[in-house]
Amino acid sequence: MKISKCVFPVAGLGTRFLPVTKELAKEMLPLVNRPIISYGVEEAIASGCGEIIMITGRAKRSLENYFDRSFELEELLKARGKMELYEEMIKISNMAEILFIRQREPLGLGHAVLCAEPVCKNEYFAVALPDDVFVNPDEPVLSQLIKVHEKMGGSVIALEEVAPENVSRYGIVKSQFEIEPGLHKIIDMTEKPKLEDAPSNLAIMGRYVLSPTVFEILKDQQAGAGGEIQLTDAIKTLCPREPVWGVVYNGRRFDCGTQKGWLAANVKLAMDDPELKEVILKIVASRS
Ligand code: G1P
């Protein structure tokens with residue numbers, strides 16, 4: 001069965017960006033002129049997932065509004081003859097079928113994914129963490145994972161080799177063997193381990209293709225690292241039951257959940273635009 005659904009956990013508070021996230025959803029922070037969330041949604045659509053499920057919280061109304069029609073704005077743009085912008089606005093609201101589900105309590109990523117069960121039960125589904133933004137990969141990272149699922153069956157997670165000092169920031173996997181370069185059979189994983197306890201330096205990045213069995217596991221999942229119900233712990237339990245593959249993806253990731261990563265992504269995107277590139281180069285040259 002084709003994977004058509006992609007779950008976006010977007011209930012997080014974005015404390016790393018306070019005070020701006022006091023009022024603005026962190027997924028709405030701009031990468032030049034598009035919000036972070038639109039990169040993930042476009043990636044999911046380009047990977048064949050036309051049904052988007054967002055697991056939201058209280059302060060996330062702006063996400064719903066962004067993907068909705070805005071008649072007032074559309075009429076204004078039309079009246080002023082700004083047809084290109086008008087078409088662009090319509091395109092955003094027609095992008096995908098988007099369903100919003102509230103996560104009532106901030107119990108962790110595993111709990112957020114469990115909130116998607118009513119919509120995704122009995123079928124494999126994708127999960128995308130919007131903080132992880134992949135800029136201009138040759139092939140969307142989610143699509144790279146879906147291809148592995150179609151070939152090998154089972155669940156698939158995106159992996160990246162990280163420097164030792166960053167190991168404790170991620171879910172880290174243990175590979176049983178590498179069936180082909182960059183494709184690992186995963187037998188164990190641990191969320192945010194200390195370097196000395198880490199089974200490798202292969203870190204889980206925010207793209208997954210998951211078996212619906214994970215919902216059954218999540219229902220009994222106890223809180224783990226940080227006192228939260230962790231998705232990593234549930235996939236660990238899945239490992240001995242069903243195949244779990246890890247793919248070292250092709251592409252460049254920016255961690256837009258941190259100020260440094262978000263700024264780097266903005267600079268990268270600006271450097272890819274001839275006009276904005278000049279602005280950056282001028283600022284850097286004048287060092288002011
Ligand atoms: C989450 C996952 C973690 C993964 C990371 C990737 O952590 O729990 O396993 O490595 O995303 O960005 P978070 O960044 O939400 O703390």
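We count ligands from 1, going down the list as the structure has it; atoms in each ligand are counted the same way.
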Worksheet item: Leu231 near ligand 1, heavy-atom distance under 4.0 Å?
Response: no
Would you say ligand 1 has an N or O under 3.5 Å from any N or O of Gly171?
yes
Report task. Taking atom NZ of Lys192 as the centre, report whether more than 12 heavy atoms of other residues, nucleotides or ligands fall under 6.0 Å from it. Result -> yes
Under 4.0 Å from one or more heavy atoms of Thr232, ligand 1 contributes atoms 9 (O)
Ligand 1 atoms nearer than 4.0 angstrom to some heavy atom of Tyr170 are 6 (C), 10 (O)
- request: Determine whether the aromatic ring centres of His149 and Tyr124 lie less than 6.0 Å apart.
  value: yes
Tell me if the aromatic rings of Tyr208 and Phe125 count as close, with their centers under 6.0 Å from one another.
no
Exercise. Can a donor-acceptor pair be found between the side chains of Gln103 and Thr56 at a distance below 3.5 Å?
Worked result: no
- Item | Within-cutoff protein neighbour (heavy atom, under 4.0 Å) for atom 9 (O) of ligand 1 | yes
In terms of its nearest heavy atom to atom 16 (O) of ligand 1, the top option of Glu160, Met189, Lys192, Arg169 is Lys192
Of Ile204, Leu109, Val162, Ile157, the one whose closest heavy atom lies nearest atom 6 (C) of ligand 1 is Ile204
Nearest neighbour in protein (non-hydrogen) for [atom]:
{"atom": "atom 2 (C) of ligand 1", "result": "Glu191 OE2, 3.6 Å"}
{"atom": "atom 12 (O) of ligand 1", "result": "Asp132 OD2, 2.8 Å"}
{"atom": "atom 11 (O) of ligand 1", "result": "Leu129 CD1, 3.3 Å"}

side-chain hydrogen bond (donor to acceptor under 3.5 Å, both in side chains) filter on Asn201, not counting sequence neighbours, yields none
* To do: Determine, for Tyr39 and Arg34, whether the Lys NZ or Arg CZ falls below 6.0 Å from the six-membered ring centre while staying within 45 degrees of the axis.
  => yes
*asked:* Lys185 vs Glu178, test: salt bridge (charged side-chain N to carboxylate O under 4.0 Å, His left out). Steps then yes/no.
replied: CA-CA 6 Å; Lys185 173 85 170 38; Glu178 206 174 358; over 6 Å; no
